[in-house]
There are 2 protein chains.
Amino acid sequence: MPRRAASAEPADRRATIRDVAKAAGVSIATVSRVLGGTYPTAAATRTRVMRAVRDLDYVVNSHARALAGISTKSVAIVVSSVVSPFYAHVAQAVETQAAQEGRLCLISTTGGDLRRELGALKLMLEEHAEAVILIGNVVDNDEYRRRVGEYARALAAAGSQLVLCGRPAPGPDVPAIVVDYDNTGGARAATGHLLSAGHRRILYLGHKPGYTTSEGRIAGYREALAAHGVPEDPGLVLAGGALERQEGYRLMRERLRAAEPDFTAVFAANDQLAAGGRQALHEHGLRIPEDISLMGYDDLPPATDIGLTTTHVPHDELGRTAVRLALQRDRAGGADDHVVLGTHVVVRQSVRPLTG
Amino acid sequence: MPRRAASAEPADRRATIRDVAKAAGVSIATVSRVLGGTYPTAAATRTRVMRAVRDLDYVVNSHARALAGISTKSVAIVVSSVVSPFYAHVAQAVETQAAQEGRLCLISTTGGDLRRELGALKLMLEEHAEAVILIGNVVDNDEYRRRVGEYARALAAAGSQLVLCGRPAPGPDVPAIVVDYDNTGGARAATGHLLSAGHRRILYLGHKPGYTTSEGRIAGYREALAAHGVPEDPGLVLAGGALERQEGYRLMRERLRAAEPDFTAVFAANDQLAAGGRQALHEHGLRIPEDISLMGYDDLPPATDIGLTTTHVPHDELGRTAVRLALQRDRAGGADDHVVLGTHVVVRQSVRPLTG
DNA sequence: GTGAAAGCGCTAACAG
DNA sequence: CTGTTAGCGCTTTCAC
């Protein structure tokens with residue numbers, strides 16, 4: 001008798017527990033018990049059942065199992081894109097931690113579209129995801145808070161947990177966990193690093209107004225300037241629409257076209273922008289760090305490649321912590337509902353002291 | 001009457017269709033029909049039901065729905081890591097295409113561990129994933145073919161479809177779809193590009209023996225040399241253990257330590273290796289492309305940053321095609337079970353003609 | 001040890 | 001147009 005599996009054609013119907021029971025000459029309850037392994041069964045029966053399982057290529061139906069109360073736990077992650085190194089790193093950490101805790105990882109990307117975000121949330125809710133982790137940069141306004149409040153409550157009502165990762169907390173009464181990192185502190189330290197090297201005219205490359213990470217980072221920049229008694233020159237802030245390499249290149253090129261540099265250092269809102277800005281500087285004949293010092297933010301792949309001094313963001317810890325906190329249900333009422341992880345400057349070769 | 005959602009505490013139990021029916025004063029069938037929208041219902045009833053749905057924060061249970069026959073379709077993707085740009089790009093494309101076709105995307109990373117791969121497969125099988133897409137570089141041997149054959153048959157028996165993306169076909173009788181790209185052709189073209197520029201001593205950086213993409217790429221390198229009548233010097237092949245930046249750096253540094261370069265160009269097995277090799281060359285005082293020409297493979301983020309001439313791999317198309325073929329069930333028996341996508345050289349600034 | 005039977009939440013005939 | 005009812009595949013009492 002050939003195994004069904006030996007046929008290359010798709011089976012018309014998946015084998016069910018009943019098929020196994022029939023093939024093994026036992027009841028379905030016995031099959032369930034053998035498979036569950038949580039109940040004493042006679043060795044002979046067990047053997048017969050396992051043989052039937054193999055013969056029929058039987059695999060439990062997780063939906064049926066879920067309905068009966070034993071669900072495959074899963075953690076969902078909603079992100080605008082996995083191509084972005086930032087999200088990829090956090091997503092990887094989430095997946096790894098979830099797997100370690102025996103959970104499946106559902107993923108959905110939104111491309112930054114709010115409708116798709118909502119759709120993803122709804123889907124994850126239907127799928128009974130134990131936790132839904134929302135990652136990334138957003139505009140923090142009333143609309144956002146209202147929307148996230150809705151998500152959080154809907155999830156809570158369904159026994160699930162919303163986690164905001166690198167996003168602002170929507171308000172005190174919203175049942176969400178927040179795992180964030182210190183954008184402002186990191187930017188303050190980064191800017192401080194440049195200031196300590198003697199730089200006073202520091203171009204801020206790639207501010208994206210309204211977005212929380214951007215606002216947090218530029219706030220740190222401003223704080224550092226203020227702390228060093230350096231007046232802020234609004235002309236030194238280059239606002240852009242995207243936090244990407246291309247944008248950094250474009251902004252810097254336009255700036256250099258308009259006038260010779262009136263700055264000695266550049267602080268880019270992230271490493272990708274720094275990489276783009278760097279290229280424009282090079283094309284303009286400016287060397288880094290000899291002519292211009294450059295700092296990035298994130299400490300992601302492009303940084304090592306271009307020897308970029310930058311600020312390390314704990315992507316891995318961000319993802320792992322998000323999962324850990326979400327699954328640790330016995331949290332004593334909000335004790336650690338809001339975690340902020342630290343960042344630190346990573347010195348490479350793109351900054352040098354200003355001499356003269 | 002406050003909405004249940006207004007409470008920050010998790011509900012003891014999710015609202016079911018029965019709760020909604022009771023609240024709306026109708027039968028569960030009516031609720032189902034209103035929600036399904038596939039059946040005529042009185043406007044007044046619809047309003048009452050929808051109100052109850054909102055009041056109770058009701059969300060259908062996709063497991064129950066799946067059991068009853070209407071399943072949320074999903075596509076699973078199994079990959080060793082999403083941090084690797086190659087996988088991230090393909091994964092992104094898979095997710096996007098899946099979402100476009102109304103499917104949820106399950107993701108599992110294995111870290112290259114075969115046990116985790118098997119576990120992931122089993123899980124996806126239990127979850128009734130419509131298709132399981134396996135991505136990436138592997139060793140092609142009997143063990144691999146046996147294993148993948150098992151996967152494919154188990155999935156087929158469950159009415160699911162195995163797709164191998166950038167992996168070799170395991171054999172003729174295995175019910176799997178293969179979506180691959182032309183490693184050898186791309187490497188032949190890349191090497192040809194260097195040869196046409198007059199280079200004869202071309203270092204191959206980062207060969208990982210046994211792995212299919214590596215073997216495919218080095219085969220193209222050899223073919224191109226042969227076609228140009230250049231004898232292959234085994235001493236010009238640097239074998240490594242990882243296809244990563246660090247490894248490229250390490251290999252190149254050791255090579256340069258041992259002896260001054262006896263090559264005029266470098267062909268790296270991928271862009272990351274190229275980026276690492278480039279750094280080692282720079283540290284040794286060698287300029288690119290003035291002193292040494294450099295080619296990569298993949299055309300992924302590091303390539304633009306470092307102006308790398310490389311070979312473009314259609315990651316996006318790879319992922320989209322994988323999903324499309326998997327879902328297109330009416331394939332006429334293997335007509336397009338094996339697709340090979342093309343690659344092409346992308347010229348940037350890291351190669352220059354050899355003069356003198 | 002094992003079997004029979006009652007659900008889990010939902011959809012889809014089948015009656016009204 | 002709406003209600004009743006029979007499963008979907010599984011786990012888990014409750015009997016034997």
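The chains referred to below are lettered A, B, ... by the order of the sequence lines, with proteins before strands, and numbering in each begins at 1.
- Of all the residues in residues 34-45 of chain A, not one reaches under 4.0 Å from DNA chain D with any non-hydrogen atom.
- To the nearest angstrom, C1' of dC10(C) lies 11 Å from NE2 of His128(A).
- Arg46(B) contributes a side-chain N or O that, together with a main-chain N or O of Thr41(B), makes up a donor-acceptor pair within less than 3.5 Å.
- Put simply, the side chain of Arg14(A) and the base of dG9(D) share no donor and acceptor less than 3.5 Å apart.
- Using a 4.0 Å heavy-atom criterion, one finds that Ser32(A) contacts the bases of the nucleic acid, with or without backbone contacts as well.
- Leu155(B) places a side-chain heavy atom less than 4.5 Å from the side chain of Leu125(B).
- Protein atom NZ of Lys22(A) is 12 Å distant from nucleotide atom P of dG9(D), rounded to whole Å.
- Rounded to whole angstrom, the span from the CG atom of Asn61(A) across to the C1' atom of dT11(D) amounts to 13 Å.
- No side-chain heavy atom of Tyr151(B) sits less than 4.5 Å from a side-chain heavy atom of Pro170(B).
- One can place CG of Leu67(A) at 11 Å from P of dT11(D), the figure rounded to the nearest angstrom.
- Salt bridge Arg146(A)/Glu143(A): present, at least one basic N to carboxylate O contact under 4.0 Å.
- In terms of position on DNA chain D, the residue among Gly69(A) and Gly25(B) whose nearest nucleotide sits closer to the 5' end is Gly25(B).
- Spacing between atom CZ of Arg65(A) and atom P of dC10(C) amounts to 21 Å, rounded to whole angstrom units.
- Side-chain proximity of Thr30(A) to the nucleotides dT2(D), dT2(C), dC10(C) is greatest for dT2(C).
- Along DNA chain C, the nucleotide nearest Arg18(B) and the nucleotide nearest Ser27(A) are compared for position; the residue whose nucleotide lies closer to the 5' end is Ser27(A).
- Atom CD1 in Ile17(A) sits about 15 Å away from atom C1' in dC8(C), given to the nearest Å.
- Contact between Ala91(B) and Val82(B) at its shortest, heavy atoms only, is CB-CG1, 4.5 Å.
- Under a 3.5 Å cut-off, the side chain of Ser160(B) and the backbone N or O of Ala129(B) do form a donor-acceptor pair.
- Side-chain N/O atoms of Arg33(A) and base N/O atoms of dG3(C) include a donor-acceptor pair closer than 3.5 Å.
- Looking at heavy-atom distances under 4.0 Å, Val60(A) makes contact with sugar-phosphate atoms alone, never a base.
- Taking the six-membered ring where the residue is Trp, His63(A) and His63(B) present tilted rings, their angle falling between 30° and 60°.
- Rounded to whole angstrom, the span from the CD atom of Glu126(A) across to the P atom of dG9(C) amounts to 16 Å.
- At whole-Å resolution of the value, CD1 in Ile28(B) and P in dG7(D) are 15 Å apart.
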